[in-house]
**Student:** 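Mind having a look at this structure? Questions to follow.
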Amino acid sequence: MVRPDLILEQRRVASPPTSEPQTRAEALAIAARALRSAEHVCVLTGAGISAESGVPTFRDAQTGMWANFSAQQLATPQAFADHPHRVWHWYAARREAVRAAQPNPAHAALVLLAARVSHCTLVTQNVDDLHQRAGSRDVVALHGSLMRARCSAGCIGSTEPDDTVTTRAPNCTACGALLRPDVVWFGEALPPQQFETARSAAVACDLFLSVGTSNVVAPAASLPWLAASHGATVIVVNSTMEGQRQGPSVLPLEGPAGVMLPRLVEAAFAGKRTRQREQQGGQ
Ligand SMILES: [Zn+2]
């Protein structure tokens with residue numbers, strides 16, 4: 001049975017009144033202090049961090065031959081049931097865009113961050129592999145992987161699609177059913193284990209870092225506020241704060257992730273040795 005709380009959907013969240021505006025430098029200094037003293041950091045990334053690497057967001061990719069297709073026609077189980085080859089072709093085109101892209105300074109800053117804090121959980125809503133290619137390990141991928149495929153009849157695990165052969169959905173070598181992208185479509189449930197890992201990290205962390213996400217796609221959008229309700233400080237790094245929830249425990253850092261994250265990590269850990277060096281130093 002599918003758990004309704006894990007269903008992928010767009011949701012608008014209400015924004016409480018705006019708090020006192022701060023200058024960016026002040027906000028950065030406050031956020032850096034919070035990050036420096038954090039024991040467990042939970043990071044949630046979204047489309048914005050990939051867009052800065054040139055990976056088009058879902059909407060931005062809907063150009064050219066895809067301009068007249070809605071998300072409902074490309075990213076739902078029904079779309080695949082009705083037009084499997086069209087859907088496969090759309091994802092093959094998106095894989096091509098991801099392969100042409102490189103991780104950016106924001107991805108690199110998150111690798112550095114993981115080396116500087118005692119415990120870091122990296123959760124992503126992105127289906128590309130830029131975090132992994134930057135060097136992040138144990139990435140919790142809530143929405144699956146664009147770079148993998150699986151049997152639509154569910155008989156085999158994840159496999160790597162061969163895009164050099166065809167833009168048509170290939171057949172499963174075990175049962176003959178069509179392969180589908182190993183991503184979570186609208187109306188489908190998130191992988192329960194991955195979401196539970198993310199939820200536990202949001203509850204346990206003392207600092208939650210939201211990067212490049214508008215926080216409107218449920219259920220991932222609930223994570224920062226779950227963290228805040230358990231006493232964590234929430235730092236929101238995004239190109240716009242429009243639609244983001246605000247409150248006393250939320251520190252907004254408006255700007256590109258590729259600029260703001262390296263600054264934040266540098267400001268937080270300048271002069272602080274990495275965990276490995278501290279352990280080797282034995283003091
Ligand atoms: Zn199969």
Side-chain angles (χ1 to χ4, degrees), residues 1-10 45-47 50 55-59 61-62 64-66 68-101 121-133 136-200 217-220:
M1 201 178 73
V2 172
R3 284 175 46 188
D5 58 324
L6 295 186
I7 299 295
L8 184 65
E9 60 174 330
Q10 297 275 151
T45 64
S50 299
V55 177
T57 60
F58 195 95
R59 193 158 298 170
Q62 288 169 281
M65 68 176 286
W66 304 108
N68 295 322
F69 293 105
S70 66
Q72 288 296 319
Q73 293 170 301
L74 297 170
T76 62
Q78 193 58 48
F80 187 75
D82 294 344
H83 299 284
H85 301 299
R86 176 203 289 165
V87 171
W88 182 270
H89 188 185
W90 158 253
Y91 282 96
R94 295 189 70 205
R95 276 194 292 276
E96 202 177 309
V98 167
R99 289 193 185 107
T121 308
L122 175 55
V123 181
T124 188
Q125 300 172 85
N126 298 335
V127 293
D128 59 58
D129 58 355
L130 293 177
H131 282 305
Q132 290 87 346
R133 278 158 56 193
S136 287
R137 283 179 292 178
D138 303 323
V139 180
V140 181
L142 291 181
H143 294 171
S145 170
L146 178 63
M147 314 316 281
R148 311 284 304 173
R150 61 184 162 88
C151 174
S152 58
C155 83
I156 55 164
S158 204
T159 178
E160 206 165 310
D162 183 359
D163 290 325
T164 60
V165 180
T166 175
T167 54
R168 288 173 64 82
N171 295 95
C172 170
T173 51
C175 77
L178 293 173
L179 291 186
R180 57 161 285 176
D182 194 5
V183 298
V184 179
W185 283 324
F186 290 110
E188 289 189 317
L190 270 58
Q193 215 173 345
Q194 304 275 13
F195 190 71
E196 188 48 41
T197 302
R199 211 192 62 82
S200 302
V217 175

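Keep in mind that the numbers below use all heavy atoms, side chains included, and drop hydrogens, waters and symmetry copies. For ligands, and for the atoms within them, numbers begin at 1 and follow the listed sequence. Note that the numbering runs from 1 along the sequence shown for the chain. Note that this is a predicted model, so its numbers are computed, not measured.
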**Student:** Could you tell me whether Glu96 and Arg99 have a side-chain N and a carboxylate O separated by less than 4.0 Å?
**Tutor:** no

**Student:** I need the protein N, O or S atoms closer than 2.8 Å to the Zn ion (ligand 1), given as residue plus atom name.
**Tutor:** Cys151 SG, Cys155 SG, Cys172 SG, Cys175 SG

**Student:** With sequence neighbours excluded, what pairs up with Pro161 under the side-chain contact (heavy atoms from CB on, under 4.5 Å) test?
**Tutor:** Trp88, Arg95, Ala149, Asp163

**Student:** Hey, is the main chain of Ala47 close enough, under 3.5 Å, to the side chain of Thr57 for a donor-acceptor pair?
**Tutor:** no

**Student:** Has His143 got a side-chain atom pairing as donor or acceptor with Val184's backbone, closer than 3.5 angstrom?
**Tutor:** no

**Student:** With the side chain counted from C-beta on, respond yes when Leu142 and Thr124 share a heavy-atom pair under 4.5 Å apart, and no when they do not.
**Tutor:** no

**Student:** Check whether the ring centres of Trp90 and Phe69 lie less than 6.0 Å apart, and answer yes or no.
**Tutor:** no

